[in-house]
Trainee: 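One structure coming up, written as structure tokens, with questions to follow.
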Amino acid sequence: LEIRFGFMLAGLLRRLVRSGMRHVPDGQVAAQQAVLNALDFSPATVLRATANGFFPMPKSSGTVEWRCPAKRTLIPVDDFHVRKSLRRVVRSGRFEIRIDSAFDQVVAACAERPETWITPELSEVYRELFRMGHARSVEAWQNGELVGGVYGLCIGRYFVSESQFHRVNHAGKVCFATLFEILRANNFLLHDVQYPSGFLSQFGTVEMDRDEFQKQLSRALIQPARFELPSTTIERVIDDLPNASEKSSNLHRNAEFASR
């Protein structure tokens with residue numbers, strides 16, 4: 001059933017990518033935004049927009065604006081930086097990591113900020129995308145309580161991190177580190193974080209031109225992938241990753257995850 005679903009999804013996304021919005025030159029972004037803005041904000045619209053390199057950003061008025069920046073911020077799947085301090089936290093085993101056990105709670109917790117772009121309408125659409133199998137969460141639990149998490153859109157071998165939260169120090173970072181190893185272990189091609197942020201810069205963000213992002217996105221969307229914890233323990237996997245201090249700093253570093 002999983003394989004059959006994967007091929008069905010791949011076929012759907014091929015049609016979306018080949019529909020009317022294949023590439024996104026600067027002069028066409030506004031026109032394509034207008035097309036998306038005319039549609040109801042729904043799971044189908046999110047999938048269509050995602051297949052063409054756009055993502056939603058609610059405005060202060062409550063309406064959703066679709067964005068496709070000239071530079072896209074990514075974290076390379078095969079070049080994830082982990083600081084020594086985070087390695088120690090992962091090895092401590094202080095958090096129980098789960099996948100998709102409390103997606104709605106993670107989204108709600110991410111929205112619990114004085115200023116947030118995660119509106120009730122956006123939350124409901126992403127909850128529906130989760131029920132459809134297009135959104136996932138990685139969670140940190142401690143003493144039976146949800147203390148951290150990250151969620152995002154997951155289509156084919158493309159994952160876009162939407163937001164993270166923590167109620168205990170380092171819980172969000174451990175979830176993010178675990179997410180990244182899930183993506184690497186399952187051969188994902190793109191990890192999109194959309195915009196630069198201080199939280200993300202520690203993990204080794206890079207920027208990609210819109211045209212190149214579109215090409216890689218088209219390839220990633222149509223390849224089915226699993227979303228599973230690696231068979232090797234996450235502590236062992238993290239130990240094998242390069243330390244952030246061992247990396248050169250010639251890649252573009254960025255400055256608050258989810259501040260957008």
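Note: hydrogens, waters and symmetry copies are ignored here, and every other heavy atom, side chains too, is used. Keep in mind that this is a model prediction, so the values were computed, not measured.
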Trainee: List the atom of Ser101, the atom of Ser137, and the distance in Å for their closest heavy-atom pair.
Mentor: N-OG, 4.4 Å
Trainee: Under the rule for ring-ring contact (aromatic ring centres under 6.0 Å, His included), what residues qualify as partners of Trp66, not counting sequence neighbours?
Mentor: Phe41
Trainee: Hey, does Asn52 have a side-chain heavy atom less than 4.5 Å from the side chain of Leu36?
Mentor: no
Trainee: What salt bridge (Lys or Arg N to Asp or Glu O under 4.0 Å) pairs are there with at least one residue in residues 134-159, not counting sequence neighbours?
Mentor: Asp100-Arg136
Trainee: Taking the side chain as every heavy atom from C-beta outward, state whether Arg87 and Val90 have any pair of such atoms under 4.5 Å apart.
Mentor: no
Trainee: Output all residues satisfying side chain to side chain donor-acceptor pair (under 3.5 Å) with Glu212, sequence neighbours left out; order by chain, then residue number.
Mentor: Gln216
Trainee: Please name all residues satisfying side chain to side chain donor-acceptor pair (under 3.5 Å) with Glu96, sequence neighbours left out, ordered by chain then number.
Mentor: Arg98
Trainee: Under the side-chain contact (heavy atoms from CB on, under 4.5 Å) rule, collect the residues that match up with Cys110, sequence neighbours excluded.
Mentor: Val106, Arg113, Ile118, Tyr151, Ser163, Phe165
Trainee: Rounded to the nearest 0.5 Å, what separates atom CE in Met57 from atom CD in Gln194?
Mentor: 7.0 Å
Trainee: With sequence neighbours left out, what residues match Thr63 under side chain to side chain donor-acceptor pair (under 3.5 Å)?
Mentor: Ser61
Trainee: Is Leu47 close to Met132 at the side-chain level, that is, under 4.5 Å between some pair of heavy atoms?
Mentor: yes
Trainee: Hey, is the main chain of Gly53 close enough, under 3.5 Å, to the side chain of Arg72 for a donor-acceptor pair?
Mentor: yes
Trainee: Could you name each residue pair satisfying salt bridge (Lys or Arg N to Asp or Glu O under 4.0 Å) that touches residues 52-65, not counting sequence neighbours?
Mentor: Glu65-Arg67
Trainee: Kindly state each residue pair satisfying side chain to side chain donor-acceptor pair (under 3.5 Å) with at least one member in residues 34-44, sequence neighbours excluded.
Mentor: Ser42-Thr45
Trainee: Would a 4.5 Å heavy-atom cut-off, applied to side chains only, mark Val193 and His191 as touching?
Mentor: yes
Trainee: Keeping the roles fixed (side chain from Asn186, backbone from Glu228), state whether a donor-acceptor pair exists under 3.5 Å.
Mentor: yes
Trainee: Under the rule for ring-ring contact (aromatic ring centres under 6.0 Å, His included), what residues qualify as partners of Phe203, not counting sequence neighbours?
Mentor: Phe80, Phe176, Phe199
Trainee: Holding to salt bridge (Lys or Arg N to Asp or Glu O under 4.0 Å), I want the full list of residues that pass it with Arg131, two or more places apart in sequence or in another chain.
Mentor: Glu124, Glu128
Trainee: Who pairs with Arg88 by side-chain contact (heavy atoms from CB on, under 4.5 Å), at least two apart in sequence or on another chain?
Mentor: Lys84, Ser85, Arg91
Trainee: Tell me every residue that passes side-chain contact (heavy atoms from CB on, under 4.5 Å) with Ala135, counting only those two or more places apart in sequence or in another chain.
Mentor: Phe103, Leu129, Phe130
Trainee: Parallel, tilted or perpendicular for Phe227 and Phe159, by the 30°/60° rule?
Mentor: parallel
Trainee: Is the backbone N or O of Ser201 less than 3.5 Å from a side-chain atom of Thr205, with the two atoms forming a donor-acceptor pair by type?
Mentor: no
Trainee: Just how far is it from atom CG of Asp78 to atom CG of Leu183, taken to the nearest 0.5 Å?
Mentor: 12.0 Å
